[in-house]
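Within every chain, numbering begins at 1; the chains are lettered A, B, ... in the order of the sequence lines, protein sequences first and strands thereafter.
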There are 2 protein chains.
Amino acid sequence: MNTYVSDAVIRRLPRYRRYLLKLKKQGITRISSKELGEIMDVTASQIRQDLNHFGGFGQQGYGYSVEDLIERLEDIMGINKSYKVGVIGCGRLGQSMINYLKQDPSYKIVALCDNRPDMIGTEIDGIKVDDKATFQKKMKTDFDILILTLPAANIEGLEEDLKDSKIKGIWNFSMTEIDVKGIHTSNVHLFDSLYSLSYYINHPE
Amino acid sequence: MNTYVSDAVIRRLPRYRRYLLKLKKQGITRISSKELGEIMDVTASQIRQDLNHFGGFGQQGYGYSVEDLIERLEDIMGINKSYKVGVIGCGRLGQSMINYLKQDPSYKIVALCDNRPDMIGTEIDGIKVDDKATFQKKMKTDFDILILTLPAANIEGLEEDLKDSKIKGIWNFSMTEIDVKGIHTSNVHLFDSLYSLSYYINHPE
DNA sequence: TAGATTGTTAATCGATTAACAATC
DNA sequence: TAGATTGTTAATCGATTAACAATC
């Protein structure tokens, strides 16, 4: 519907989906914004407002179809499409991401990279770990999303490689903030949430 | 200064610290809100407003001392204190968290737990992996922060154990949302950021 | 001192909530 | 039909930005 939707709304969409998936699992087929709001601890108004950025998915007097709404949300986020994914950094964090992604058919890992000699050439889940040069070539055309699960120290030169690639998005766990024109980047700073948690521990109530 | 500070502000504090640490590393000793704002891509006004929730750390006509400000931020967040940490779930994700935390002297891991027979009794970084019963006992008194890096399916019964523990905070990667009265929880849903990234990939500016 | 930059108040902007007519 | 609940507009609330006097 609307062309621009604020980031605050976009970031709430995955959470709506999670709760709806849970409801679906419980066999619940329809839900009102009021009920959903109570479960999620948000206002019914916010839910309706958020959803109506993308069109009217509900039905007056009835509410929303759980299954239908999940599908709509997935369409909006584009998470039921098919993405080809490359991963740089096959340490523990990288491996755990590879492992989780295996469960999601939309994100298909097609290439891995690591700079440790004892890792190069080995296979993880049937995919060979490339050295830098080999991976760089693949980067140009082979995938849409790049996952960075390597230490910040090792990302040097990466921005240059990105410029003539087809990569559209970077999921970045490298503890840096990458900003390449034309490529969407989600900079995940895992420890930030531990630090804000620490704040709240020290400032009870 | 102020008693209540909004969550939006608290979540920005770790990012300020990250940039300031980088500046310190570069040998820069002082900075104005204007310069810092340019580097971080936020307004100078927001920086000053944010910091002044906690007191005046700057000096008119001069700016802020980088080193001093880092220290103040760490004081505010309480991340230079000493925390004892327990970890449930020693798979790849758990191990990578253990590994990262090793580098931070403030968060000391004192107990590990896993339910896989072949893991129990082994050591990770010199700490033995407990079975559930052993860990439950330790939970009562031995640590302040609990890290959950296990599948959601396995957290059943946990809330009960938490109630008579001394745990003050939970850093939760289990893909559920835990809500125990009196315990601060940071529910990290790693995949949410991949999904919102996907949205942006599909909605290019 | 003059210039720079803070701390802080006031103005603006945007996001959230409330309200209600439309309608299933 | 009557009741329920949406979609949407209007009101409120809070967060961000601008402005400027205080002051180093």
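- At whole-Å resolution of the value, OH in A:Y4 and C1' in C:dC13 are 12 Å apart.
- With salt bridges taken as basic N to acidic carboxylate O contacts below 4.0 Å, none links B:K84 and B:D142.
- With both pairing distances under 3.5 Å, D:dA15 is matched to C:dT12 as a Watson-Crick or G-U wobble pair.
- Of the side-chain N and O atoms in A:S33, one or more sit less than 4.0 angstrom from OP1 or OP2 of D:dT6.
- Note on B:Y64: a side-chain N or O is less than 4.0 Å away from OP1 or OP2 of C:dG7.
- Of the two residues near DNA chain C, A:R48 and A:Y62, the one whose nearest nucleotide lies more 5' is A:R48.
- Among the nucleotides D:dT8, C:dT17, C:dT6, the one closest to any side-chain atom of A:Q46 is C:dT17.
- At a threshold of 4.0 Å, the pair A:E159-A:K163 does not count as salt-bridged, since none of the basic side-chain nitrogens sits closer than that to a carboxylate oxygen.
- Note: NE2 (B:H53) to P (C:dT9) measures 12 Å, nearest angstrom.
- If you take CD of B:Q60 and C1' of D:dA19, they are 15 Å apart, rounded to a whole angstrom.
- Using the Watson-Crick or G-U wobble rule with both distances under 3.5 Å, D:dA21 pairs with C:dT6.
- Of the residues near DNA chain C, A:V9 and A:G61, the one whose nearest nucleotide (by heavy atom distance) lies more toward the 5' end is A:V9.
- Interface remark: the B:Q49 side chain does not form any donor-acceptor pair with the C:dT6 base, using a distance-only criterion of under 3.5 Å.
- Under a 4.0 Å N-O distance rule, the pair A:D192/B:R11 does not qualify as a salt bridge.
- For the pair B:Y195 and A:L13, the minimum side-chain heavy-atom distance is 4.5 Å or more.
- In this structure, CZ of B:F54 is placed 16 Å from C1' of C:dT8, rounded to the nearest angstrom.
- Ring planes of B:Y83 and B:Y107: parallel class, angle under 30° (limits at 30 and 60°).
- Backbone-only contact: A:R12 has heavy atoms under 4.0 Å from sugar-phosphate atoms and none from a base.
- Rounding to whole angstrom units, CD1 of residue B:I10 and P of D:dA15 are separated by 11 Å.
- Counting to the nearest Å, the P atom of C:dA4 and the CD atom of B:E35 are 13 Å from each other.
- Which of D:dT17, D:dT9, C:dA19 sits closest to the side chain of A:S45 comes down to C:dA19.
- Spacing between atom CZ of A:R30 and atom P of C:dC24 amounts to 16 Å, rounded to whole angstrom units.
- Between A:F57 atom CZ and D:dG7 atom P the separation is 9 Å, expressed in whole Å.
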